[in-house]
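Reading through the C-alpha cells given below for one structure.
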Amino acid sequence: MRKYKGKGVYGAYALGKISIFKRQDISVKRFHVEDTSSEKARIKSAKEKSALQIKSIHEKALKEVGETNAQIFEIHMMMLEDEDYNESIENIIDTQHVNAEYAVAVTADNFSEMFSSMDDAYMQARAADVKDISNRIISNLSGETSEKISSDDKMIICSDDLVPSETVSLDKAKVLAFITANGSSNSHTAILARNMNIPAVIGVGSRFLSEIEEGMEAIVDGFTGEIYVNPDEKTKADMLEKKRADEEKKKLLQSLKGKDNVTLDGRRVNIYANIGSVNNIGAVLVNDAGGIGLFRSEFLYLENNDFPSEEQQFNAYKRVLESMAGKKVIIRTLDIGADKQAEYFNLKKEDNPALGYRAIRICLTKPEIFRVQLRALFRASIYGSLGIMFPMITSVGEVEKILDICEEVKAELKSDGIEFSDNIELGIMIETPAAAIISDRLAPMVDFFSVGTNDLIQYTLACDRQNPDIEEFCDTHHEAVLRLIEMSAENAHKHNIWIGICGELAADTSLTEVFLRMGIDELSVSPPYILALRDKVRSLDLSKGSN
Ligand code: PEP
Ligand code: MG
C-alpha cells in the first residue's frame, strides 16, 4: 500500500480502480501554405463545430452544476468570438503563410501568457480557458477528439490537471472520483467537482502520476486529501465503513434543501454562508444558503500583486450580488494584517501582529485604500441586497469615523452622478471583548452586529489563534466568550438591530441551541455545513428546557 496526500476539495470517499486520463497529445506542426484563404475557411468551420460542442457542454453543465458554474462555457463562447483572438489567428496565417493549427497554437500561447501575467486573479484564471478553447479548435481542425475515459466501469480519474470543459465532459456515470497532480482549490475544476458531488483531491504532486498504473486499486479520501494506492484489507474495510456513514448522512441532509431553518416551536434563524472568493458561490447555491453572511474581501487583495483597482473590486462584488439574486450578501471590508499578509502593503514586522496594525486600523489610517473599496462596494450595491461590515472594531470613535467616510464616499459618488442603492446595511463585527462590552453604545450606530468568534475567542482568552501549542487552553465554549456574545445579542435587540455569528463557532452544532436561546438571528458558516446546521435547528424545541 502506498499513501499520498493532496488537498481534498470535495469531502466524500471513493474506492475503485485508477484510470489515467488520456488526453490525446495535440502536437501542432508548422507548415508553409500558399492558399491562406483556405486556411481561414478551415478555421471558420472548426470554430462553428467548436461552438456547437460548447453549446452542448453548456447545456449539460446547466443541468448538472447550475447556471453560475455553467457560465464558464459562456466565457468560452465569448472567447471563440473575441475579435483580438481571431485577428491574431488570421494575422499569423496571412503574414507567416502558415497552417491554421499553428496559428491557433501560437495565439493560444500568447493569450494565455498575457492572462497569466495580469494582476487580477479572475483574468489569470482565463489563461486555462483560452488554452481549452484553442485545443478544441485545433482538435476540430484535425478531426481529433481530446477527451476520453478509457473504461466502461466507474473509475478514479487521475490527471496532471483538468480544464473546466474536460471536468464537465467527463461522464458522471463513469467517474468515481478524480485526483490531479496539480491544481488549486479555487480553480474552476475544484468548484465543478464540489458541485458535481465527485470526491476530489488536487495537488498530489507529479510523483503520484509517475508511480500509478492503469487499473490499480485506490482509495480517495476527499475530506483529508489522502489517497491510498493498493490499499490493504484493513484500510479498505475502514474506508468502506466511513463511506457508508457519510453517504447516509448526506442523503438525509439533501432532503433538507428548500426547507425552512425553523425550530420545532417555530423559531426561525437565517443560515448564511461564508466565502473568501467569488469562485465559492457555486457551493453557496448548491448548499441552499439563505445568503452570504461573510465575504472575506481581503482575499481579493491577497490574490493580487498590487492593490486591486476599484473596477476589479466592483466586478467581483457585482458578480457575488448578481449570483445571489437578491439574497442578502454581507461583504466585510479589508481585514489584512496579522496572519493575512500581502507584501505590497509593506507592513512592518510586529512582535504581536494579532494585536497590531490590522483590519480597520489600516483602513482608517490609510483612507485612500479604504475609499477605493467603499466606492466599489457602493457602486455594486445596485445589483442586489448588500450589507457591508467592518472588522476589528474596538471603539465608538472608530465607528463614527467609518460612518463619516461612508457619507463622504456616497456624496462623492452622487456628485459624480454614479448610482448606488439607498438600502445598504452597515454593520460591525463583534470580535474584540471591547466591542462586546460597549455593544450598548455601538448598537444604535449600525444596522447589525456579526460576531467573529475566531478572534473574539483569541482576544478574550489571550490565546493566539495561530499557535497550535496552546490549543488546550483555548476553550471555545468558555463562559467568558459565551457571556460576551449574549451581552452583544441583548444590546443588539434592545436597539432593534439583528445579530449574527460568522466565526467558526457558528457551525458548532453543540452550541446551536445556546445561540438560539440568546436570540442570535443569523448563523453564517462554510457552505458544506449549511444543511447539517439546518438539520440541527429543525430538531430543537426551545419551548422546553434545554434539549
Ligand atoms: C472571526 O474572527 O471569527 C472571523 C469571522 O474573521 P476571520 O476569521 O476572518 O478573522
Ligand atoms: Mg476576525
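Indexing begins at 1, ligand by ligand and atom by atom, following the structure's order.
Dense packing is recorded around NZ of Lys250, with more than 12 heavy atoms of other residues, nucleotides or ligands lying under 6.0 Å away.
Residue Glu504 has no nitrogen or oxygen atom sitting less than 3.5 Å from a nitrogen or oxygen atom of ligand 1, judged on distance alone. Considering backbone and side-chain atoms alike, Asn454 places an N or O below 3.5 Å from some N or O of ligand 1. Note: no N/O pair closer than 3.5 Å links Arg358 and ligand 1 by distance alone.
Geometrically, Lys318 engages Tyr383 in a cation-pi contact, judged by NZ or CZ lying under 6.0 Å from the ring centre and within 45° of the ring axis. For Arg126 and Phe115, the positive end is not near the middle of the six-membered ring at less than 6.0 Å and at most 45° from its axis. Because its NZ or CZ atom is not both nearer than 6.0 Å to the ring centre of Phe420 and within 45° of the ring axis, Lys410 does not count as a cation-pi partner of that residue.
Close contacts of ligand 1 with Thr453, meaning ligand atoms under 4.0 Å from a residue heavy atom, involve 3 (O). Distances below 4.0 Å separate heavy atoms of Leu294 from the following atoms of ligand 1: 5 (C). The ligand atoms of ligand 1 that sit less than 4.0 angstrom from a heavy atom of Gly503 are 3 (O), 5 (C). Remark: ligand 1 atoms within the under-4.0 Å shell around heavy atoms of Cys502 are 5 (C).
Here the Mg ion (ligand 2) is the vertex; the OE1 atom in Glu431 and the OD2 atom in Asp455 give an angle of 90° (to 10°).
In Lys340, the part holding a heavy atom less than 4.0 Å from any atom of ligand 1 is the side chain. Contacts with ligand 1 closer than 4.0 Å are made by side-chain heavy atoms of Arg332 only, the backbone lying farther away. At a 4.0 Å heavy-atom cut-off, ligand 1 touches Arg465 through the side chain alone. Heavy atoms of Val451 found under 4.0 angstrom from ligand 1: none, in either backbone or side chain.
Residue nearest to atom 1 (C) of ligand 1, selected from Ser524, Gly452, Ser450: Gly452 (by heavy-atom distance).
When only non-hydrogen protein atoms are considered, atom 5 (C) of ligand 1 lies nearest to Arg296 NH2, 3.5 Å.
Salt bridge Asp416/Arg375: present, at least one basic N to carboxylate O contact under 4.0 Å. Classification of Arg465 and Asp455 as a salt-bridged pair holds, one side-chain N sitting under 4.0 Å from a carboxylate O. Glu513 has no carboxylate O lying under 4.0 Å from a charged side-chain N of Lys544, or vice versa, which leaves the two without a salt bridge. With respect to Lys328 and Glu425, a salt bridge is recorded, a charged nitrogen being found less than 4.0 Å from a carboxylate O. Using a 4.0 Å cut-off between charged side-chain N and carboxylate O, Asp535 and Lys249 make no salt bridge. Salt-bridge formation is detected for the pair Arg379/Glu310: a Lys NZ or Arg NE/NH1/NH2 atom is positioned less than 4.0 Å from an Asp or Glu carboxylate oxygen.
Distances shorter than 4.0 angstrom do not occur between any heavy atom of Gln458 and any atom of ligand 1.
At a threshold of 2.8 Å, the Mg ion (ligand 2) has no backbone or side-chain N, O or S atom of Asp335 nearer than that distance.
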